[in-house]
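Some notes on the structure that comes next.
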There are 2 protein chains.
Amino acid sequence: MTMLEDRLGATFIALADPTRRAIVARLAAGDATVNELAAPFDMTLPGISKHLKVLERCGLITRTRHAQFRPCHLEADVLDSAIDWMQQNRRIWSERFDKLDSRLRELQRPTNDVSQKPARQRKSHE
Amino acid sequence: MTMLEDRLGATFIALADPTRRAIVARLAAGDATVNELAAPFDMTLPGISKHLKVLERCGLITRTRHAQFRPCHLEADVLDSAIDWMQQNRRIWSERFDKLDSRLRELQRPTNDVSQKPARQRKSHE
DNA sequence: CCCTTGATTAACTTGACAGCTAAGTAACCG
DNA sequence: CGGTTACTTAGCTGTCAAGTTAATCAAGGG
């Protein structure tokens, strides 16, 4: 349940770990085998293997088979999805400045009628 | 140590949770009080309070005080940092296509010349 | 054929985190 | 004042993730 979260969540979870971010950065420069990816880290191979599994689970990487080697490949689409989510909120946030935040202004008035109304959205233009 | 990770990691951790992403999305549309943020969720107020603390820890939100209210404010800079990291790797990944991946091609040759580095695997048994 | 290399699976420990309830703090209201 | 509103802090629990070692699989090479 908790584990089967949406892909976006899984992507952020994957990127939350510094080791995995380093792996992603490495793979951005080109495909690599597990041993190559493990080289820079002071970590056992199974540890790296687990990290790769996390990256694979959210679709950030794919793995093919070549003899004993399992070269890893970065999939940019998933990265794009995460970027999209952030940029969209970033954009909304920017646009917000155009129409001054009335919700908070109301809070600042002495008349405090600001109870727990749903007020999902602030009614800006009036 | 593990807990005091870098800000980038903390940001991704913060965005990994769906509740916190929803809170961020809500705050992108305008500042809000804790009760307002809590309203859409089937969760107790302390739960929301914890989530806000996580968002605050990585700098994604700031909180001021106004009477009994603690309006939350989204800080876009931190969002930008995370976007930047992703886009940079995304860009490197794109550029990689210009110069065909030679590393993997080498793997695909019959000559097994792949391990340029001695694997630093821990051998438990000599 | 073994044996080495590359990588994974299994089992376990540790520590963080999400959620809860109950109690505490802080400001305002009557 | 006392009570209400808004929120936080303090425990507690269950779950999950990160790391380890030991054992295993799968493919080549002598």
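As the structure is a computational prediction, the values presented were derived from the model and not from experiment. Within every chain, numbering begins at 1; the chains are lettered A, B, ... in the order of the sequence lines, protein sequences first and strands thereafter.
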> Of B/P46 and B/V54, whose nearest nucleotide on DNA chain C comes first from the 5' end?
Replying inline: B/V54
>> For a quick test of reading the model: is some side-chain N or O of A/R70 closer than 4.0 Å to OP1 or OP2 of D/dA26?
In response: no
> Using a cut-off of less than 4.0 Å, is there contact between a side-chain N or O of B/S49 and OP1 or OP2 of D/dT8?
Replying inline: yes
>> Any side-chain N or O of B/R63 below 4.0 angstrom from OP1/OP2 of D/dC7?
In response: no
> Looking at B/K53, does any N or O in its side chain come under 4.0 Å of the phosphate oxygens OP1/OP2 on D/dT9?
Replying inline: yes
> Under 4.0 Å: is that the gap between some side-chain N or O of A/T44 and OP1 or OP2 of D/dT20?
Replying inline: yes
>> Nearest heavy atom decides the nucleotide; on that basis, is A/G47 or B/I48 closer to the 5' end of DNA chain D?
In response: B/I48
> Are A/R21 and B/D6 ion-paired here, with the side-chain N under 4.0 Å from a carboxylate O?
Replying inline: yes
>> Below the 4.0 Å mark, does D/dC7 have OP1 or OP2 next to a side-chain nitrogen or oxygen of B/N35?
In response: yes
> Would one find a side-chain N or O of B/H51 under 4.0 angstrom from OP1 or OP2 of C/dG19?
Replying inline: yes
>> Starting the side chain at C-beta, find the nucleotide from D/dA18, D/dA27, C/dG19 nearest to B/M43.
In response: C/dG19
>> With side-chain hydrogen bond (donor to acceptor under 3.5 Å, both in side chains) as the test, pick out the partner of B/T62 among B/E75, B/H73, B/E56.
In response: B/E75
